[in-house]
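Remember, predicted model here, so these are calculated numbers, not experimental data. Protein chains get the first letters and strands the later ones, always in sequence-line order, with residue 1 at the start of each.
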Amino acid sequence: MAAARRHRRVAASQPGFIPLKSDLDGKSLSIGRRKRVNKNKKKNWNKYSDINDVEEFLDDVRLQERATGGLIADKTDESLFFVDTGTKESVLEPASSEETAKKSKPLRIDLILQPTSNVAPPKDILAHQRPNAKKERRIAQKIQKLTDMGVLPRRKRPQKVPVKEKPIISKDPDRTFYDIWSAGSPETADPYYLEQTKKKLVKRPEKMNEKPSLLPAVEVIAPGGSYNPDFLSHQALLLEAHEVEVTKLKAETKLARKLAVNKKEFATQETTFKEQIEGLVEEGEEPENETEGPEAVADADEDEAVGPTAQQEKKTEKQRKREKDERIKELQKKAARQMIDSRQQLFKLRSIETELKKREQKTKMRQIKRKTQQEAQKTLPRRLGKLKFQAPDLDVQLSDELAGSLRTLKPEGSVLKDRFKSLQKRNLIEPRERAKFKRKHKLKYVEKRDFKEIK
Amino acid sequence: MGGLQKKKYESGSATNYISRNKARKKLCLSLADFRRLCILKGVYPHEPKHKKKVNKGSTAQRTFYLLKDIRFLLHEPIVGKFREYKIFVRKLRKAYGKAEWGGVERLRDNKPAYKLDHIVKERYPTFIDALRDVDDALSMCFLFSTFARTGKCHVQTIQLCRRLSVEWMNYIVTSRSLKKVFLSIKGIYYQAEVLGQTITWLVPYQFAHDHPTDVDYRVMATFTEFYTTLLGFVNFRLYQTLNLLYPPKLDVKGETELKAEFEEDYAMDSESYLEKLSALSASLARVVSSAEEEEAEMDYFPVEGEDMEKMEARVKAQHEQDKQKKLFEGLKFFLNREVPRESLAFILRCFGAQVSWDKSLCIGSTYDAEDETITHHIVDRPNMDKQYMNRYYIQPQWVFDSVNAKMLLPVEDYFLGVTLPPHLSPFVEEKEGDYVPPEKLKLLALQRGERPVEEDEEDDEEEEEEEDDDEEEEEDDDEEAEEEAKLKEMEEKKSQGKALPVKVTPGKVKSENRHRLEQEEKAEEKRLAIMMMKKRDKYLYDKIMFGKKRHVRETNKMVAKRKALDEASKADRKKKKQKKQ
């Protein structure tokens with residue numbers, strides 16, 4: 001490179017240098033009035049010295065090098081010019097050569113990707129550098145030492161392929177189990193560290209271990225639900241089911257009765273006519289009332305206006321004094337009465353005692369009652385959401401449905417539903433309704449073509 | 001005075017609860033995921049005492065959770081898995097939409113999965129805690145294992161449930177801990193005592209499924225998911241306590257016996273082992289193979305703070321239990337093809353019987369119907385063509401009733417074609433003064449060992465009938481029974497005759513007198529005590545006595561009803577017979 005640069009500089013200084021672009025004379029630049037600046041500062045040298053000519057010249061040199069591979073001035077005349085001796089006669093050839101050209105012609109994309117510059121690419125400097133024997137020896141020694149210790153160089157190390165363990169899926173039918181409750185080795189690490197790194201799980205709140213209901217998980221059906229029941233217990237179960245049905249029916253009939261249309265309230269011709277003329281006829285009918293009306297209204301108005309006045313007449317001194325005396329007297333009277341009463345209580349000690357006892361007993365009774373109520377509440381389904389818990393229908397087989405033997409038995413009800421309702425009853429899940437399908441857009445009716453054709 | 005004014009709903013119950021929607025948003029989960037998480041972690045909704053306060057003045061019905069519970073849920077690692085799963089589904093859908101099948105496969109391989117082991121440990125810190133809560137798990141697993149593999153839930157879940165329930169049944173069989181069975185119209189209730197815990201579970205009848213529409217299958221599947229994990233760990237521990245191998249293996253003897261020729265026809269290789277296990281006809285292999293299980297001898301020393309009487313009672317109860325465990329020992333049963341095989345095999349094996357069935361019915365049959373050593377043949381059809389002399393042909397209810405009665409009931413009532421006695425619920429415990437059905441009374445008498453008296457009564461009745469109509473067409477078995485009864489009666493009379501001359505003692509009368517005197521004295525004391533009662537106490541006492549009397553009156557009424565019914569039915573029968581004649 002250095003040689004090339006020198007070469008270039010030398011070429012530019014020669015008087016025979018031909019610039020590639022014609023307007024690069026240097027004199028074509030418009031020379032305005034020179035500005036005077038102090039030249040004792042380096043900043044000004046940089047700012048006000050004009051180096052355009054040099055740069056343009058260098059650009060031109062680079063362009064020449066790129067386009068022709070060297071300076072045009074250095075080229076021999078033969079390489080630049082040729083003697084025009086007319087066209088060669090090769091008329092026949094193109095027809096045959098066109099096909100071959102088509103075949104041998106490189107793709108345009110390849111042409112685009114060809115290097116356009118004629119300047120040779122810079123060579124790798126390091127390639128020329130002499131290998132440092134000392135350094136290499138040292139590296140080799142180090143590797144030897146490591147291999148002796150058992151550490152292979154990275155290139156030769158077998159690549160670790162991360163073996164992915166298939167995680168245990170809780171639903172896998174062939175999954176393995178182990179003793180989860182065995183006392184493992186106690187953790188010795190810092191508990192704070194374990195908690196922060198999520199190695200130890202957060203402690204479960206104590207209240208979560210309480211069961212939300214006291215009911216047993218599996219409630220055994222009443223003895224009447226046996227496949228071959230004792231007569232009376234079966235009857236008892238039937239009675240129970242019957243009572244449930246009766247209450248349901250009662251509610252239904254009540255609703256029907258309340259919603260029934262009252263025939264007396266149907267509009268007749270008379271009532272409709274009355275309704276139509278309401279407000280029209282009455283004025284004419286009762287003229288006397290009309291005259292009375294306004295007066296009454298006026299009276300009312302006057303009364304309202306009288307009302308309690310904000311400012312009453314001022315009390316006289318005498319009045320004030322008298323009122324005060326009265327007040328004091330009343331207070332004294334009250335105090336005296338209290339004194340007497342409290343003294344009297346001394347004599348009523350016994351009755352007071354009995355009264356206290358009674359009251360205590362009452363509170364005790366109430367406490368007991370409340371306790372029992374709370375206990376009873378523990379077995380009841382709570383209100384946990386929008387819907388109330390609805391007890392499932394009792395599973396009952398009527399006397400004629402009962403099968404005599406196990407072979408002919410037809411199971412009643414569904415165990416799945418029984419389990420589901422049991423979960424609801426024990427407050428483990430809230431009762432819900434199945435989400436209804438809601439159509440977002442209306443259905444469009446389109447008559448298909450086939451259908452039309454048949455018509 | 002002074003201080004800042006307190007704002008409403010910023011302390012107290014309003015801050016202790018959180019509504020479901022808020023909780024859901026706090027956890028950044030969809031409603032379905034939130035519900036699943038709550039079920040898995042055992043977080044249940046609560047009903048606050050002051051709803052209006054909690055609801056910030058609104059009276060709308062909402063579902064509330066305790067805020068502490070929800071805060072606790074925030075730490076759960078499974079929440080992250082739920083989110084991952086959501087993303088997985090989204091990616092998968094996208095890959096499907098673009099028809100990138102390679103991508104679909106890759107995603108499928110890396111499907112996020114979670115396990116619930118840590119939750120089981122967290123919810124049940126000790127093994128006994130888990131065992132106490134296993135009722136639900138069992139019922140659910142047995143239920144799901146009967147489902148058809150039609151896509152109502154994952155097939156994998158059904159398979160796992162089946163495996164776990166078979167393991168459980170095998171444990172119960174090996175430990176012989178079954179106590180009660182009840183055939184109801186809904187399903188079969190079982191009760192067992194495992195390590196001192198009473199465990200009840202419900203098993204549906206096979207092939208009895210209509211899928212109800214008003215049940216949330218997703219919720220049920222979530223519960224099942226948790227319960228299968230729980231039951232797996234419980235099973236493992238239980239097998240450990242009995243020194244059994246887990247996963248269960250048939251012992252060598254059983255395995256060679258069960259090598260059926262057409263095994264391949266019956267089930268696939270992958271399934272046949274489970275099927276063999278579920279047949280329940282062979283015993284399981286132990287870790288340390290011992291020829292006979294050494295019975296733990298009870299120590300007959302009274303525990304501290306326990307007197308001799310209590311100890312004796314304890315020992316007696318233990319003896320009774322041991323006896324019950326060996327109820328069917330030495331008996332050989334054969335199940336006909338129409339009886340419910342699994343439940344019967346389970347029960348019979350629980351009490352030490354040998355069971356087999358027809359080869360084509362199920363895998364694992366050990367002997368044929370032609371075997372001469374069979375003692376009981378369980379049949380549920382009106383009659384059999386080919387009958388062997390040396391075995392009883394009985395209806396399946398005999399097995400269940402015998403288990404509940406803790407003794408082998410007389411087989412006569414359960415012969416082929418005989419109208420069965422009612423199947424009583426063993427879960428009912430009558431208090432004193434309650435109405436007890438006569439069948440149960442008879443059973444109690446039998447348990448006490450008063451068999452002859454009962455038979456006498458029955459005989460009397462039968463004799464009456466015989467007087468009424470001379471030619472009675474009764475079946476062979478009944479006649480046999482009668483003959484037996486008569487023989488017994490005669491024996492008794494003989495024994496009484498022998499005893500007569502020995503029994504003459506003057507002291508006996510006196511002792512009776514003393515006893516009577518004592519009673520009279522007691523009654524007198526009681527009367528005096530009643531007279532001395534305060535008015536208030538007297539009132540209460542009268543009330544209690546009235547209640548008791550009413551109870552007795554009601555039971556009497558029931559008894560009278562029953563009697564009337566019996567008589568009516570008897571009269572009907574007689575009429576019919578007369579008509580026949």
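- Contacts of B:Glu225 with chain A are made by side-chain atoms alone, with heavy-atom separations under 4.5 Å and no backbone atom involved.
- With a 4.5 angstrom heavy-atom cutoff, B:Gln159 touches chain A via backbone and side-chain atoms both.
- Neither the backbone nor the side chain of B:Leu138 has a heavy atom closer than 4.5 Å to any heavy atom of chain A.
- Between B:Lys68 and A:Glu206, no side-chain nitrogen of the basic residue sits less than 4.0 Å from a carboxylate oxygen of the acidic one, so the salt-bridge criterion is not met.
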- Message: Quick one, A:Leu416 with B:Tyr217, criterion side chain to side chain contact (heavy atoms under 4.5 Å, CB included). Give me CA distance, side-chain angles, the key distance, then yes/no.
- Response: CA-CA 9 Å; A:Leu416 184 68; B:Tyr217 276 84; 3.4 Å; yes

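- Of all non-hydrogen atoms in A:Leu384 and B:His46, the two that sit nearest each other are CD2-C, 3.8 Å.
- Between A:Met208 and B:Lys41, the shortest heavy-atom distance links the atoms CE-O, 3.8 Å.
- Looking at B:Val428, only its side chain comes within 4.5 Å of chain A, counting heavy atoms on both sides.
- Only the backbone of A:Asp174 has a heavy atom closer than 4.5 Å to any heavy atom of chain B.
- Remark: A:Asp230 engages B:Arg562 in a salt bridge, criterion side-chain N to carboxylate O under 4.0 Å.
- When heavy atoms are compared at a cutoff of 4.5 Å, B:Tyr239 does not approach chain A at all.
- Residues A:Gln235 and B:Leu565 have side chains not in contact (no heavy-atom distance under 4.5 Å, counting atoms from C-beta outward).
- Looking at B:Tyr246, only its side chain comes within 4.5 Å of chain A, counting heavy atoms on both sides.
- Of the two parts of B:Val379, neither the backbone nor the side chain holds a non-hydrogen atom closer than 4.5 Å to a non-hydrogen atom of chain A.
- Ionic pairing of A:Arg434 and B:Asp216 is not present here: no N-O contact between side-chain nitrogen and carboxylate oxygen is shorter than 4.0 angstrom.
- Residue B:Phe127 touches chain A through both its backbone and its side chain, counting heavy-atom pairs closer than 4.5 Å.
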Apply side chain to side chain contact (heavy atoms under 4.5 Å, CB included) to the pair B:Phe223 and A:Ile429, showing each step before the final yes or no. CA-CA 11 Å; B:Phe223 270 108; A:Ile429 47 176; 3.9 Å; yes

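- Neither the backbone nor the side chain of B:Val339 comes within contact range of chain A; no heavy atoms are under 4.5 Å apart.
- The closest side-chain heavy-atom distance from A:Arg426 to B:Tyr44 is not below 4.5 Å.
- Neither the backbone nor the side chain of B:Arg162 comes within less than 4.5 Å of any heavy atom of chain A.
- Of the listed residues (B:Ile158, B:Leu420, B:Thr200, B:Asp117), the greatest number of heavy-atom pairs within a distance under 4.5 Å of chain A belongs to B:Asp117.
- With a threshold of 4.5 angstrom between heavy atoms, B:Pro77 approaches chain A through side-chain atoms but not through N, CA, C or O.
- Looking at B:Pro45, both its backbone and its side chain come within 4.5 Å of chain A, counting heavy atoms on both sides.
- Relative orientation of the B:Phe233 and A:Phe177 rings is perpendicular, given thresholds of 30° and 60° on the angle between their planes.
- Across all non-hydrogen atoms, the minimal contact from B:Asp69 to A:Pro205 is OD1-CG, 4.5 Å.
- Heavy atoms only, all atoms of each residue included: B:Gln61 and A:Gly385 are closest at CB-O, 3.6 Å.
- With a threshold of 4.5 angstrom between heavy atoms, B:Thr229 approaches chain A through its backbone and through its side chain.
- Between B:Asp214 and A:Lys417, at least one side-chain N (NZ, or NE/NH1/NH2) sits under 4.0 Å from a carboxylate O, which counts as a salt bridge.
- Residue contact with chain A, scored on non-hydrogen atoms closer than 4.5 Å, involves the side chain of B:Arg20 exclusively.
- With hydrogens and angles ignored, the 3.5 Å screen pairs a side-chain donor or acceptor of A:Asn228 with a backbone N or O of B:Pro421.
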